[in-house]
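Whatever order the structure lists them in is the order used to number ligands and atoms, beginning at 1. All of these numbers come straight from a predicted model, not from anything done at the bench.
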Amino acid sequence: MNWLELSQSLNIQLAKQDTPPIHIVSTHALSGGDTHTAYQLHTTTQNYFLKLAPLHQLPMLEAERHNLNALVQSDTLTCPTPYATGTHQEHAWLLMEFIPLKQTGDDTQRGKDLAFMHHQINHEPQPFGWFEDNFIGLSVQHNAWSSDWIQFYGQRRLLPQLELSQLKGAPSTLYQSGLKLIEALPFWFQDYHPDASLLHGDLWAGNSAFNSQGDPIFFDPACYYGDRETDLAMSELFNGFSSEFYQGYHEIFPIDSGYQQRKPLYQLYHLLNHFNLFGGQYLQQVETSIKTLLAHSKT
Ligand code: ADP
């Protein structure tokens with residue numbers, strides 16, 4: 001990487017936003033990103049986190065910038081401040097604040113922060129969705145606005161992933177049973193009408209950590225307005241959040257007693273996405289989940 005040339009590209013973009021130029025002193029490659037390469041940039045003023053992706057992934061980085069901005073503006077979760085996105089030769093880039101991270105900290109506060117964010121409710125006539133499509137991992141996440149949560153969850157979340165699963169080689173029986181499940185969705189919402197909460201959207205433990213003071217930090221969001229139970233269900237899918245996290249959450253925003261029934265329904269979206277992205281072992285989990293949910297809806 002020619003850092004002098006890249007910093008010129010960063011500074012052209014920063015100048016368009018009336019932000020002072022940065023002067024890179026040294027760079028440090030970071031590990032851990034699933035979809036990008038990342039660097040810590042030491043500059044004469046502060047440290048930055050730079051994500052690099054192939055050029056065609058610029059829309060992903062732009063969506064991430066918009067999502068981080070939305071969370072920063074919500075004044076509830078603490079996230080890295082995004083500064084700019086742009087391109088340089090065959091790369092797309094996203095420049096944001098660097099926050100030194102650690103894995104342990106105040107998990108009760110992490111739950112409270114999430115609950116405070118979920119209290120931010122969209123009251124527009126079509127409250128469910130987001131102003132643009134964004135990405136869940138490398139998959140497109142469809143966000144066209146809707147007034148009806150059941151319709152939104154069926155048509156914008158489950159259906160596109162089911163369609164993609166056919167291109168990825170899942171049996172057509174999976175698609176057929178998935179369509180039946182979409183028809184059966186009202187079963188889970190007989191006495192439950194969720195508000196359109198601001199969501200993180202990709203809340204697994206790898207997308208949250210703590211700063212050096214132990215305060216919670218969230219990153220890599222896939223924001224939209226939807227049922228807050230979807231964030232909680234995802235947080236439970238791969239574990240990683242302690243009981244203190246959930247206690248903190250419930251203290252601020254108690255959850256509906258039907259959550260345990262809806263949890264597998266909401267986890268299914270992410271399982272389908274994992275099958276579509278990583279294949280193999282997730283197929284059986286998806287099939288079992290749909291079968292169990294369908295059987296339950298007939299009780
Ligand atoms: P990817 O989209 O490639 O998975 P992430 O946004 O999850 O990338 O970031 C990869 C890793 O980099 C994270 O697991 C986290 O440890 C670290 N990280 C992310 N954002 C920052 C930041 N602003 N400052 C410091 N470290 C960060």
Side-chain angles (χ1 to χ4, degrees), residues 1 6 10 13-14 19 22 24-43 45-74 76-87 90-105 107 110 113-114 132-141 199-224 231 234-235 237-241 245 270 273-274 276-278:
M1 174 60 63
L6 180 67
L10 300 178
Q13 205 57 41
L14 290 172
T19 308
I22 64 168
I24 299 174
V25 176
S26 62
T27 65
H28 175 64
L30 301 167
S31 57
D34 290 338
T35 56
H36 312 98
T37 49
Y39 293 88
Q40 181 180 5
L41 305 185
H42 306 271
T43 74
T45 49
Q46 67 175 89
N47 288 332
Y48 291 88
F49 184 84
L50 180 79
K51 257 192 188 186
L52 287 181
L55 194 58
H56 71 271
Q57 287 182 6
L58 178 65
M60 286 181 71
L61 297 187
E62 286 180 330
E64 184 171 348
R65 176 166 61 89
H66 299 153
N67 294 334
L68 285 171
N69 260 328
L71 294 189
V72 169
Q73 278 164 20
S74 80
T76 52
L77 304 189
T78 306
C79 303
T81 303
Y83 296 119
T85 41
T87 61
E90 72 276 23
H91 300 290
W93 54 261
L94 164 61
L95 185 71
M96 66 177 99
E97 174 189 9
F98 183 89
I99 304 178
L101 297 172
K102 57 177 192 169
Q103 290 312 310
T104 50
D107 219 11
R110 181 155 68 160
D113 287 356
L114 183 70
E132 64 179 358
D133 290 347
N134 47 27
F135 297 86
I136 184 80
L138 289 173
S139 306
V140 174
Q141 177 161 269
L199 303 178
H200 179 285
D202 195 1
L203 193 63
W204 68 291
N207 282 343
S208 170
F210 301 91
N211 67 12
S212 45
Q213 288 87 49
D215 302 324
I217 305 292
F218 294 80
F219 40 88
D220 219 3
C223 295
Y224 64 103
D231 267 350
M234 171 136 207
S235 76
L237 184 55
F238 303 113
N239 300 319
F241 294 87
F245 170 81
H270 296 288
N273 189 40
H274 272 66
N276 289 328
L277 292 175
F278 310 116

**Numbered atoms and elements of ligand 1 in range of Asn207, under 4.0 angstrom, heavy atoms** = 7 (O)

**Request:** Return the orientation label for the Phe238 and Trp204 ring planes: parallel under 30°, perpendicular over 60°, tilted otherwise.
**Result:** perpendicular

**Message:** Run the side chain to side chain contact (heavy atoms under 4.5 Å, CB included) test against Ala70 and tell me which residues pass, sequence neighbours left out.
**Reply:** Trp130

**Asked** Should Pro100 be counted as touching ligand 1, given the test is an N or O pair under 3.5 Å?
**Response** no

**Message:** Under a 4.0 Å threshold between the charged nitrogen and the carboxylate oxygen, would Arg110 count as salt-bridged to Asp107?
**Reply:** yes

**Item:** Heavy-atom side-chain proximity of Met1 to Leu52 below 4.5 angstrom
**Value:** yes

**Request:** Report yes or no: does a heavy atom of Gln40 sit under 4.0 Å from some atom of ligand 1?
**Result:** no

**Request:** Check each atom of ligand 1 against the heavy atoms of Lys51 and keep those under 4.0 Å away; list them by number with element.
**Result:** 1 (P), 2 (O), 5 (P), 6 (O), 8 (O)

**Request:** Apply salt bridge (Lys or Arg N to Asp or Glu O under 4.0 Å) to Asp231 and list each qualifying residue two or more places apart in sequence or on a separate chain.
**Result:** none

**Message:** Once you restrict to heavy atoms under 4.0 Å, what part of Phe49 touches ligand 1? Side chain, backbone, both or neither.
**Reply:** side chain

**Prompt:** Which atoms form the tightest heavy-atom contact between Leu237 and His270, and what is the distance?
**Reply:** CD2-CB, 3.7 Å

**Fill in**
So the atoms of ligand 1 within less than 4.0 Å of a heavy atom of Pro80 turn out to be 23 (N)

**Request:** Using heavy-atom distances, let me know which of Leu101, Ile217, Ile99 sits nearest atom 24 (N) of ligand 1.
**Result:** Ile99

**Request:** Would you check if Thr78 and Pro216 make a side-chain contact, meaning some heavy-atom pair closer than 4.5 Å?
**Result:** no

**Prompt:** Which bit of Leu30 gets closer than 4.0 Å to ligand 1, counting heavy atoms only: side chain, backbone, both or neither?
**Reply:** neither

**Prompt:** Hey, which atoms in ligand 1 end up nearer than 4.0 Å to a heavy atom of Met96?
**Reply:** 23 (N)

